[in-house]
Undergrad: 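Here it is, the structure in full.
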Amino acid sequence: MKLTDEEKAMLAGEMGEAKRWAIDHQIKVGGMFDAPDLVPVSQAHMMADPESLGEAGGDFLEDMVAKGARVAIPMITDPRGVDLNHYRPLGQSEEMATLERRMIAACEKMGILMTNTCVNYQTIMPPVLGDHVAYGDTGVVIYSNSICGARSNFEGGPSALAAGLTGRTPRYGLHLDENRQATRRFVVREQPKELTDWGVLGALVGKLAGSYWAVPVIEGLEVVPTSDEAKHMGAAMASFGSTPLFHMAGITPEAQTLADVGGDKLPAEEITKADLDALRAGFGAKGDKIDVVVFAAPQLSIVEMQALAAQCAGKTFKSAVIVCTSPQVYPDATRMGLIDVIEGTGAKVLEGTCFYNQYAREIGEANGWTRLLSNSAKIVNIISGYGYTPALASMDRCVASAVAGEIV
Amino acid sequence: MTKELKCHKGIGEKVQGIALVADDNFSARYDLDRKKGVFSRPAHKLCGQSYHDKILVLNTSKGGVASAWMLHEMKSRNICPKAILFNTANTILAQGAALANLTMCDRFEDGDVTQLIQTGDEVIVDPEQGLVTVVNG
């Protein structure tokens, strides 16, 4: 890999052991993907929840601090695994909270901004067209690449940290023009109407595309999705397909026309109502009992919080209900009275976490939750590995089902 | 009979072990019970099987960024595959392999690796050379 003089100095350890580790890691990863050099990035975003890192990851971050690690560019964080204001009632242990506190302390010492959000493109600083970034959440990456036209690979925690420390990332994958051209062309024959419809469409496209290196272009949409709708669509696509980028002809910035991304040369594949219904059919049916209803994955925007509060007003829930929002949205939602309305039903709003990365298996066992209902197509894909039977329904049906204790 | 399979240059050290193969995908977050060291997602073709010390052979890597830290965490407790071979890896698994010093290769010249290697085969993986050798007697 071609290195600048500054990068050679980093690799020689002249800029400290932490930067030496970081650039060495980037050269190893870049080698596997034939990166010719490193590209400067404007922001890094790291997933570092205690469940994924474990003790080993905690030790690793503290070792980085001891080696003088300090980020070179603005660096922010993905949702935490423990809401330190509400963990015992969820059945999370003191051990989990201690590990969480250790990680927060280590990140703060490195100069990382603890934003704890997977909707930073709605609440912190959205990247712009052509902006090279190193983002560490599949939902964040796919939204930033597709809707904003920024350039990021999926950067797992260690690589996001390395990018934060060096201010660069290996130039491979979606940093290169040639990997941003469409490889599959889908024509939508059924228009999405609300958040979950967009999620199901994203899920199906992801499932069909099926690889990190496939780039779907979607045509036939008669409506432009809102940011929240695009968020659910992208998050589900990334989850079902490991997909980091998609285009919507005439909607997303790199595909003002189908031809802009080479879609005109690809065979068209239709997505019909039957295809979408078949995907939904795998996730619950009317009359199924439910233990917990989850609104999360991605964290709710202030607009979703308002919509949820409007549906919650005056109701009492029979099922447990967990809502996850970002630490940026939470104080706004408090000030506007939305948290009070939502929690008036018996639901709990968590701040700065997301349900599936907060020890989902352990909190499920502690609370006796196995049957989970959500309006997020992403979470129903993830959660079965944690011992849950997931079901999917729109926000209003989720609320009505929480009142009934079964899917309505 | 020994069979040599060429692949792209990978990550990690040369290792030898027994293959566990499925025409399915991989995510450390979605598919595994990492405490027990088994596949736990009911829909996964290897559900219930132990991956400990195996050379895992799968189609592609799926899902979230957490897998990168998780490989490191699994390696620290020594309940971990010896190597993972994919038709195509995604970036996260490669990044996790780099941190954990876990052996990983992908992009095989002779086609679908989940067909080229069978469960139970004895396999040597040399990521530096981009070479996987099946050494069944």
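None of the values given here were measured: they were computed from a predicted structure. Naming: A, B, ... by sequence-line order, numbering from 1 per chain.
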Undergrad: Heavy atoms only: give me the nearest Met47(A)-Trp69(B) pair and the separation to one decimal.
TA: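 Looks like O-NE1, 2.6 Å.
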Undergrad: How far does OH of Tyr386(A) sit from CZ of Arg29(B), to the nearest 0.5 angstrom?
TA: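 It comes to 4.0 Å.
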Undergrad: Counting only heavy atoms not in Lys35(B), do more than 12 fall under 6.0 Å of its NZ?
TA: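 Open.
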Undergrad: Counting only heavy atoms from other residues, nucleotides and ligands, does the tally under 6.0 Å from CD of Glu128(B) exceed 12?
TA: no
Undergrad: Please classify the contact between Asp49(A) and chain B as side chain, backbone, both or neither, with a heavy-atom cut-off of under 4.5 Å.
TA: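 Contact with chain B is through the side chain of Asp49(A) alone.
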Undergrad: Given that the side chain runs from C-beta out, which part of Leu61(A) has a heavy atom under 4.5 Å from chain B: side chain, backbone, both or neither?
TA: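 The side chain, not the backbone.
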Undergrad: Looking at side-chain heavy atoms only, is the closest gap between Thr91(B) and Tyr212(A) below 4.5 Å?
TA: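 Yes - at least one pair of side-chain heavy atoms lies under 4.5 Å apart.
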Undergrad: Might you confirm whether atom NZ of Lys3(B) has over 12 heavy atoms from other residues, nucleotides or ligands at distances under 6.0 Å?
TA: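 For Lys3(B), atom NZ is crowded (more than 12 foreign heavy atoms under 6.0 Å).
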Undergrad: Of the non-hydrogen atoms in Gln95(B) and Gly156(A), which two are nearest, and what is the gap between them?
TA: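 Minimum heavy-atom contact is OE1-N, 2.5 Å.
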Undergrad: Is there a donor-acceptor pair closer than 3.5 Å between any side-chain N or O of Ser40(B) and the backbone N or O of Gly385(A)?
TA: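 Yes.
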Undergrad: Would you mind telling me which of Tyr356(A), Phe240(A), Trp21(A) has the largest number of heavy-atom pairs within less than 4.5 Å of chain B?
TA: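 When all of Tyr356(A), Phe240(A), Trp21(A) are compared, Tyr356(A) has the most.
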Undergrad: To the nearest 0.5 Å, what is the distance between NE2 on His72(B) and OG on Ser52(A)?
TA: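 Those atoms lie 12.5 Å apart.
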Undergrad: How far does OG1 of Thr88(B) sit from CH2 of Trp213(A), to the nearest 0.5 angstrom?
TA: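 Answer rounded to 0.5 Å: 9.0 Å.
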Undergrad: Return the minimal non-hydrogen interatomic distance between Val29(A) and Ala98(B), and the atom names on each side.
TA: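 For Val29(A) and Ala98(B), the tightest heavy-atom pair comes out as CG2-CB, 3.8 Å.
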Undergrad: Checking the side chain of Ser384(A) only, and the main-chain atoms of Arg41(B) only, is there a donor and an acceptor separated by less than 3.5 Å?
TA: no
Undergrad: I need the residue from Gly387(A), Gly54(A), Gly206(A), Ser159(A) with the largest number of non-hydrogen atom pairs under 4.5 Å to chain B.
TA: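 Of Gly387(A), Gly54(A), Gly206(A), Ser159(A), Ser159(A) has the most heavy-atom pairs under 4.5 Å with chain B.
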Undergrad: Distance from Arg107(B) atom CZ to Met32(A) atom CE, nearest 0.5 Å?
TA: 6.0 Å
Undergrad: Are Arg361(A) and Arg34(B) side-chain neighbours, meaning at least one heavy-atom pair lies under 4.5 Å?
TA: no
Undergrad: So does Lys75(B) have more than 12 non-hydrogen atoms from other groups sitting under 6.0 Å from NZ?
TA: yes
Undergrad: Could you tell me which portion of Arg77(B) (side chain, backbone, both or neither) has an atom closer than 4.5 angstrom to a non-hydrogen atom of chain A?
TA: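 Answer is neither: Arg77(B) stays 4.5 Å or more from chain A.
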Undergrad: Any idea which of Leu32(B), Asn59(B), Leu99(B), Asn87(B) has the most non-hydrogen atom pairs under 4.5 angstrom with chain A?
TA: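 Ranked by contacts with chain A, first place is Leu99(B).
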Undergrad: First locate atom OG of Ser211(A), then atom CZ of Phe86(B), and finally report the distance between them rounded to the nearest 0.5 Å.
TA: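 Output value for this atom pair is 11.5 Å.
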Undergrad: Would you tell me whether Ser239(A) and Tyr30(B) have side-chain atoms, one donor and one acceptor, within less than 3.5 Å of each other?
TA: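 Distance-only check passes for Ser239(A) and Tyr30(B).
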Undergrad: Distance check, rounded to the nearest 0.5 Å: Phe154(A) atom CZ versus Leu93(B) atom CG?
TA: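 Here the interatomic distance stands at 11.5 Å.
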Undergrad: If you count heavy-atom pairs under 4.5 Å with chain B, which of Asp78(A), Ile383(A), Asn153(A), Asp34(A) comes out on top?
TA: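 Greatest number of close heavy-atom pairs with chain B: Asp34(A).
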Undergrad: Which one of Lys9(B), Met74(B), His8(B), Glu73(B) has the most heavy-atom pairs closer than 4.5 Å to chain A?
TA: His8(B)
Undergrad: Check Val65(B) against Asp137(A) and note the closest heavy-atom contact, atom names and distance.
TA: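 Looking at all heavy atoms of both residues, the closest pair is CG1-N, 3.7 Å.
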Undergrad: Looking at Ala162(A), Gly139(A), Ala56(A), Pro158(A), which one has more heavy-atom pairs under 4.5 Å with chain B than the rest?
TA: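 Looking at each of Ala162(A), Gly139(A), Ala56(A), Pro158(A) in turn, Pro158(A) comes out on top.
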Undergrad: Against chain A, label Ala89(B) side chain, backbone, both or neither, depending on which of its atoms sit under 4.5 Å from a heavy atom there.
TA: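 Its backbone and side chain both get close to chain A.
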Undergrad: Pick one of side chain, backbone, both or neither for Ala160(A), based on which atoms fall under 4.5 Å of a heavy atom in chain B.
TA: neither
Undergrad: Of the listed residues (Ala68(B), Gly10(B), Gly12(B)), which shares the most heavy-atom pairs with chain A below a 4.5 Å separation?
TA: Ala68(B)
Undergrad: Is there a donor in the side chain of Ser242(A) and an acceptor in the side chain of Asn90(B), or the other way round, less than 3.5 Å apart?
TA: yes
Undergrad: Sort out for me which of Glu51(A), Gln26(A), Glu55(A) touches chain B most, counting heavy-atom pairs under 4.5 Å.
TA: Glu51(A)
Undergrad: Tell me which of these, Cys105(B), Ala66(B), Gly96(B), Ser76(B), has more heavy-atom pairs under 4.5 Å with chain A than the rest.
TA: Ala66(B)
Undergrad: Less than 4.5 Å to any heavy atom of chain B: does that hold for the side chain of Asn357(A), its backbone, both, or neither?
TA: both
